[in-house]
Asks: 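This is the structure, below, for whatever I ask next.
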Amino acid sequence: MAEIPYRFVTDSRVEELIAHHADLEAGQETDNVVTIAGRLMLRRVQGKLAFATLDDGSGRIQLFAPSKTTPEFDKFCDLNLGDWVGVTGVVMTTRRGELSVRVDSWVLLAEARRPFPDKWHGITDVDTRYRQRYVDLWVTPEARQTFLMRSRMMSLTRSFMEHRGFIEVETPIFHPIPGGANAQPFTTHHNALDLDLYLRVAPELYLKRLTVAGFDKVFEIGRVFRNEGLSTRHNPEFTMLELYQAYADYDDIMNLVEELVEHLALELTGSTVLMVGDRELDVARPWRRATMIELIEESIGVTLSLEMSIDELRAVAVEHGVPFKDSFGSGKLILEIYEKTTESALWGPVYVTEYPAEVSPLAREHRNKPGMTERFEAILAGRELCNAFSELVDPDQQRSRFEDQAAQNAGGDAEAMMVDEDYLRALEYGLPPTGGLGIGMDRLAMLLTGATSIRDVVLFPTLRPER
RNA sequence: GCGCCUCUAGCUCAAUUGGCAGAGCAUCGGACUCUUAAUCCGCAGGUUCCGGGUUCAAGUCCCGGGGGGCGUACCA
């Protein structure tokens, strides 16, 4: 029985070995002795000479094992695909010119007791790929690439924010009152406090409390939870970037978002032109900015306004097959008409600006247009990427918006907000003019990697349990 | 939630009209000192997602259930 060591120290990564020996000619042996470790992906035993392919996560390199010099040659030949091994030996090339590490000593680091998937076809069954991601990531190079890109995206985003003077904070995930978005929350319970709690649907209200506290540029990157349906664009837990910048308005935030996305595209793909499915999306600045009213007009040729009577708006809805409830006010009707007739046709990048206050309970009223707010969403590749606004800073107006929401909640709308008295108290201490933003980082990762399903950018997507 | 599609060996896939469940890879045994998805010979590997039904006979047809995908609804 082989002894599995507790520790194994490598001195090289395959990626580096390949880069440093690019011009080594066939049949050469260097005096460079290296130690590497990884997983056995292929094996070609030829009697008294064996070849194997080792993958250490950074790349693949051939192992060259002649019976004369390889310790325990027979056992080496008995290794299974998927086994982890550590190898020390000289860097060399074979007669055919394949860069290799000669196996001067080796040790088994882990045994693969289960057979690995077909070495050529890998796994195609998406169910298995999502459920057994630990296998998928080894055998599906595109999956590995996607998650490496996602990791770099998060890291680049953090440094982008920090270079602009933002500080990263962490706010509660357990909320006694869910808030910051219209979404159904998950519920849980704390035993010692005998307290019902909600998993947050957004960090928004806590972050603005921090702006009140004098942190003038804050951001948080964290998981939020929404108890709603699953789709190629929705996972019940997903990662949100939210930021709040004091003294800024929604125009400043639009500038920031397009700078961030352009920067990430260039760093990660080298181009501002992204491929989404078989369609291109150019995220180069500046992005188009158009109001919701303008976009609806382009789409259906009708200029809506909050001054129109509710009957006029309902008539437009009926004419275009947009369902509505009697409880909908003018603002909600306009939003519904936009979503059903216009939004799905947008490709972007485009900023959709000026949302009705009725459907924007945390956004500040437009400086020139009563009943509208200084809010925008960005549409990229036909998907909503972010939601942002000049923040509502007036505690009295906020209370009245909360009360409208609470009435809808009481009326059966499980996604409507509740009154958050502590948040109102915070506003009473003074929230300066502030621009705020929320970006779905999973959707951003989809854009940058070209993924068509959110499950392809979430390591362990929510699934029903097996059996 | 609704509609359509799908589920066969560890993996990738076959199986004619309803007629003995098969192949490649992996695993196991054997041969081979420059291979590249190595090759060659051999063994083994199955609750055909589950449960009913029709039939002389069901992987195949019918009904019910389950997993998954896509669409739709919901979801800023």
Side-chain angles (χ1 to χ4, degrees), chain A residues 26-27 40-53 60-70 73 77-83 92-100 102 112-132 135-136 139-140 180-185 201-202 226-236 238 292 323 331-332 335-336 338-340 343-344 352 355-356 358-363 373 375-379 383-389 413-417 438 440 452-453 455-456 461 463-467:
Chain A
L40 215 62
M41 304 306 286
L42 298 168
R43 190 195 48 196
R44 298 173 288 282
V45 177
Q46 199 152 350
K48 296 195 164 53
L49 177 64
F51 301 88
T53 302
R60 293 183 175 194
I61 195 166
Q62 178 166 270
L63 303 178
F64 179 82
S67 60
K68 276 185 187 168
T69 59
T70 303
F73 179 75
C77 293
D78 280 343
L79 287 170
N80 284 334
L81 301 193
D83 285 347
M92 48 159 292
T93 49
T94 61
R95 281 179 215 160
R96 293 282 182 85
E98 175 85 12
L99 182 67
S100 306
R102 193 178 66 203
R113 291 195 193 178
R114 291 174 180 267
F116 257 53
D118 188 284
K119 63 188 177 186
W120 186 245
H121 296 99
I123 313 181
T124 58
D125 180 47
V126 290
D127 187 28
T128 310
R129 291 191 48 211
Y130 297 150
R131 288 190 195 280
Q132 295 184 244
V135 177
D136 180 42
V139 303
T140 313
N182 290 114
Q184 257 193 80
V201 295
R226 298 186 182 178
N227 205 340
E228 55 199 31
L230 291 78
S231 79
T232 50
R233 293 169 293 283
H234 300 265
N235 197 58
F238 61 100
M292 179 181 289
K332 177 74 172 163
L335 179 70
E336 288 296 315
Y338 160 74
E339 288 185 346
K340 295 294 187 294
E343 185 178 36
S344 57
V352 183
Y355 283 60
E358 181 185 346
V359 294
S360 313
L362 301 167
T373 60
R375 171 181 167 190
F376 71 87
E377 291 189 359
I379 303 288
R383 298 188 288 254
E384 291 163 23
L385 179 75
C386 68
N387 183 24
F389 27 87
D413 182 354
E415 279 131 23
M417 297 178 187
T452 52
S453 168
R455 295 188 195 89
D456 291 328
L463 300 172
R464 277 197 179 80
E466 286 179 89
R467 290 320 118 188

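Throughout, a chain's letter reflects where its sequence line sits, starting with A, and its residues are numbered from 1.
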Asks: Under 4.0 Å, heavy atoms only, any strand: does A:Val139 hit a base, just the sugar-phosphate, or nothing?
Replies: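 Since no nucleic acid heavy atom lies under 4.0 Å of A:Val139, the category is nothing.
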
Asks: How many whole angstroms separate atom NE2 of A:His234 from atom P of B:rG71?
Replies: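 Nearest whole value for this atom pair: 11 Å.
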
Asks: Round to the nearest Å and state the distance from A:Asn235 atom CG to B:rC75 atom P.
Replies: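 After rounding, the reported distance stands at 18 Å.
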
Asks: Taking atom C1' in both B:rC56 and B:rG18, compute the distance separating them and give it to the nearest angstrom.
Replies: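 12 Å, rounded to whole Å.
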
Asks: If I pick the P atom on B:rA38 and the same atom on B:rC43, what distance separates them, to the nearest angstrom?
Replies: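 Looking at atom P only, B:rC43 and B:rA38 are 23 Å apart.
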
Asks: What heavy-atom pair brings A:Arg375 and A:Ala363 nearest, and what distance separates the two atoms?
Replies: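 What the structure gives for the nearest pair is CB-CB, 4.3 Å.
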
Asks: Counting only side-chain N and O atoms of A:Lys119, is one of them less than 4.0 Å from OP1 or OP2 of B:rC25?
Replies: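 No, A:Lys119 has no side-chain N/O under 4.0 Å of OP1/OP2 on B:rC25.
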
Asks: Which atom pairs link the protein and nucleotides 11-15 of chain B when you take only N or O atoms and keep those under 3.5 Å?
Replies:
{"residue": "B:rC11", "atom": "O2'", "partner": "A:Asp118", "partner atom": "N", "Å": "3.1"}
{"residue": "B:rC11", "atom": "O2'", "partner": "A:Gly122", "partner atom": "O", "Å": "2.8"}
{"residue": "B:rU12", "atom": "OP1", "partner": "A:Thr124", "partner atom": "N", "Å": "3.0"}
{"residue": "B:rU12", "atom": "OP1", "partner": "A:Thr124", "partner atom": "OG1", "Å": "3.3"}
{"residue": "B:rU12", "atom": "OP1", "partner": "A:Asp125", "partner atom": "N", "Å": "3.2"}

Asks: Can you check side chain to side chain donor-acceptor pair (under 3.5 Å) on A:Gln62 and A:Arg102, steps first, answer last?
Replies: CA-CA 9 Å; A:Gln62 178 166 270; A:Arg102 193 178 66 203; over 6 Å; no

Asks: In whole angstrom, give the distance that lies between atom CG of A:Leu335 and atom P of B:rC74.
Replies: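 Nearest whole value for this atom pair: 12 Å.
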
Asks: Which residue pairs satisfy the salt bridge (Lys or Arg N to Asp or Glu O under 4.0 Å) criterion with at least one member in residues 60-69 of chain A, sequence neighbours excluded?
Replies: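 Non-adjacent pairs meeting salt bridge (Lys or Arg N to Asp or Glu O under 4.0 Å): A:Asp55-A:Arg60.
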
Asks: Calculate the interatomic distance between A:Arg113 atom CZ and B:rC28 atom C1'; express it in whole Å.
Replies: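 Interatomic distance, CZ of A:Arg113 to C1' of B:rC28: 17 Å.
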
Asks: Applying side-chain contact (heavy atoms from CB on, under 4.5 Å), can you list everything that pairs with A:Asp456, at least two apart in sequence or on another chain?
Replies: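 Result, side-chain contact (heavy atoms from CB on, under 4.5 Å) vs A:Asp456: A:Tyr130, A:Ala451, A:Ser453.
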
Asks: Quote, to the nearest angstrom, the C1' distance that separates B:rA23 from B:rA9.
Replies: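 Each nucleotide's C1' atom is 11 Å from the other's.
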
Asks: Which nucleotide sits closest to the side chain of A:Val126: B:rG68, B:rC34, B:rU27?
Replies: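 From the listed options, B:rG68 comes nearest.
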
Asks: Quote, to the nearest angstrom, the C1' distance that separates B:rG51 from B:rG67.
Replies: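 Those two atoms are separated by 15 Å.
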
Asks: Could you tell me whether A:Phe64 contacts a base, only the sugar-phosphate backbone, or nothing, with contacts defined as non-hydrogen atoms closer than 4.0 Å?
Replies: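 Result for A:Phe64 = base.
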
Asks: Starting the side chain at C-beta, find the nucleotide from B:rC74, B:rU27, B:rC34 nearest to A:Lys340.
Replies: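 Nearest to the side chain of A:Lys340 among the choices is B:rC74.
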
Asks: To the nearest Å, how far apart are A:Gln62 CD and B:rA37 C1'?
Replies: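 Distance, rounded to whole Å: 13 Å.
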
Asks: Suppose we define a pair by two distances each less than 3.5 Å, Watson-Crick or G-U wobble; what does B:rC2 pair with here?
Replies: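 Answer to the pairing question: B:rG71, which forms a Watson-Crick or G-U pair with B:rC2.
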
Asks: Please identify each residue that fulfils ring-ring contact (aromatic ring centres under 6.0 Å, His included) with A:Tyr355, with sequence neighbours left out.
Replies: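 For A:Tyr355 there are no ring-ring contact (aromatic ring centres under 6.0 Å, His included) partners, ignoring immediate neighbours.
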
Asks: Only pairs with both distances under 3.5 Å count, Watson-Crick or wobble alike; so what is the partner of B:rU16 in this structure?
Replies: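 The answer is none; no pair meets the criterion.
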
Asks: Please state how far atom CZ in A:Phe51 lies from atom C1' in B:rA37, giving the value in whole angstrom units.
Replies: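 So the CZ-C1' distance, A:Phe51 to B:rA37, works out to 15 Å.
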
Asks: What's the gap between B:rC61 and B:rC28 when it is taken at their C1' atoms, as a whole Å value?
Replies: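 Rounded to whole Å, the distance is 40 Å.
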
Asks: Map A:Arg95 and A:Leu230 onto RNA chain B by nearest heavy atom, then report which one ends up closer to the 5' terminus.
Replies: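 Nearest nucleotide further toward 5': that of A:Arg95.
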
Asks: Report yes if a side-chain nitrogen or oxygen of A:Thr232 is closer than 4.0 Å to either non-bridging phosphate oxygen (OP1 or OP2) of B:rG71; otherwise report no.
Replies: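 Indeed, a polar side-chain atom of A:Thr232 lies that close.
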
Asks: Does B:rC61 have a Watson-Crick or wobble partner in any strand here, with both distances under 3.5 angstrom, and which is it?
Replies: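 Pair assignment: B:rC61 / B:rG53.
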
Asks: B:rC11 and B:rU72: how far apart are their P atoms, nearest whole angstrom?
Replies: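 Their P atoms lie roughly 31 Å apart.
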
Asks: Can you see if the side chain of A:Arg464 gets near the phosphate of B:rG67 - specifically, an N or O under 4.0 Å from OP1 or OP2?
Replies: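 The answer is yes; a side-chain N or O of A:Arg464 sits under 4.0 Å from OP1 or OP2.
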
Asks: In whole angstrom, give the distance that lies between atom CZ of A:Arg44 and atom P of B:rC25.
Replies: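 For the pair A:Arg44 CZ and B:rC25 P, the rounded distance is 15 Å.
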
Asks: Output, in order, the C-alpha distance, side-chain angles, deciding distance and verdict of side-chain contact (heavy atoms from CB on, under 4.5 Å) for A:Leu385 and A:Ile379.
Replies: CA-CA 6 Å; A:Leu385 179 75; A:Ile379 303 288; over 6 Å; no

Asks: In Watson-Crick or G-U wobble terms, both distances under 3.5 Å, what is the partner of B:rC25?
Replies: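 Across all strands, the one nucleotide that pairs with B:rC25 is B:rG10.
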
Asks: Quantified in whole Å, what is the C1' atom distance between nucleotide B:rU16 and nucleotide B:rU60?
Replies: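 To the nearest whole Å, 11 Å.
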
Asks: So A:Glu415, base contact, sugar-phosphate only, or nothing? Heavy-atom distance under 4.0 Å.
Replies: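 The residue A:Glu415 makes sugar-phosphate contact but no base contact.
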
Asks: Please enumerate all residues that pass side-chain contact (heavy atoms from CB on, under 4.5 Å) together with A:Pro361, with sequence neighbours excluded.
Replies: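 In terms of side-chain contact (heavy atoms from CB on, under 4.5 Å), with neighbours along the sequence ignored, A:Pro361 is linked to A:Asn182, A:Arg401, A:Gln405, A:Met417.
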
Asks: Which whole number of Å gives the distance between the C1' atom of B:rU39 and that of B:rU33?
Replies: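 Here B:rU39 and B:rU33 have their C1' atoms 15 Å from each other.
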
Asks: For A:Leu42 and A:Arg131, take the nucleotide of RNA chain B holding the closest heavy atom to each; which residue's nucleotide lies nearer the 5' end?
Replies: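 Result: A:Leu42.
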
Asks: Is B:rU36 paired to anything, Watson-Crick or G-U wobble with both distances less than 3.5 Å, and if yes, which nucleotide?
Replies: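 Pair assignment: B:rU36 / none.
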
Asks: Are the side chain of A:Thr128 and the backbone N or O of A:Val126 linked by a donor-acceptor pair below 3.5 Å?
Replies: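 Looks like no, no N/O pair under 3.5 Å.
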
Asks: Under 4.0 Å between any heavy atoms, over every strand shown, what does A:Pro323 touch: base, sugar-phosphate, or nothing? Just pick one.
Replies: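 The residue A:Pro323 makes no contact with any strand.
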
Asks: Tell me every residue that passes side-chain contact (heavy atoms from CB on, under 4.5 Å) with A:Glu228, counting only those two or more places apart in sequence or in another chain.
Replies: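 Only A:Ala183, A:Arg226, A:His234 meet the side-chain contact (heavy atoms from CB on, under 4.5 Å) criterion with A:Glu228.
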
Asks: Do the side-chain N or O atoms of A:Arg455 get closer than 4.0 angstrom to the phosphate oxygens (OP1, OP2) of B:rG69?
Replies: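 So the side chain of A:Arg455 is within the cut-off, an N or O lying under 4.0 Å from OP1 or OP2 of B:rG69.
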
Asks: Rounded to whole Å, please give me the gap between CE in A:Met417 and C1' in B:rC75.
Replies: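 Nearest whole value for this atom pair: 14 Å.
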
Asks: Would you please test A:Phe389 and A:Phe376 for ring-ring contact (aromatic ring centres under 6.0 Å, His included) and show each step?
Replies: CA-CA 6 Å; A:Phe389 27 87; A:Phe376 71 87; 8.8 Å; no

Asks: Answer yes or no: does a side-chain N or O of A:Asn227 lie under 4.0 Å from OP1 or OP2 of B:rC74?
Replies: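 Result: no.
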
Asks: Does A:Arg383 reach a base, just sugar-phosphate, or nothing at all? Heavy atoms under 4.0 Å.
Replies: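 A:Arg383: no heavy atom of the nucleic acid under 4.0 Å.
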
Asks: Does A:His121 offer a backbone N or O that forms a donor-acceptor pair with the side chain of A:Asp118 under 3.5 Å?
Replies: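 Judged by distance alone, yes, a pair lies under 3.5 Å.
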
Asks: Between A:Gln46 and B:rC34, does any side-chain N or O lie under 4.0 Å from OP1 or OP2?
Replies: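 A:Gln46 to B:rC34 OP1/OP2: side-chain N or O found under 4.0 Å.
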
Asks: Counting just side-chain N and O atoms, does A:Arg43 come under 4.0 Å of either OP1 or OP2 of B:rU27?
Replies: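 Checking A:Arg43 against B:rU27: at least one side-chain N or O falls below 4.0 Å of OP1 or OP2.
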
Asks: Is the phosphate of B:rU27 approached by A:Asn80 (side-chain N or O, under 4.0 Å from OP1 or OP2)?
Replies: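 The answer is yes; a side-chain N or O of A:Asn80 sits under 4.0 Å from OP1 or OP2.
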
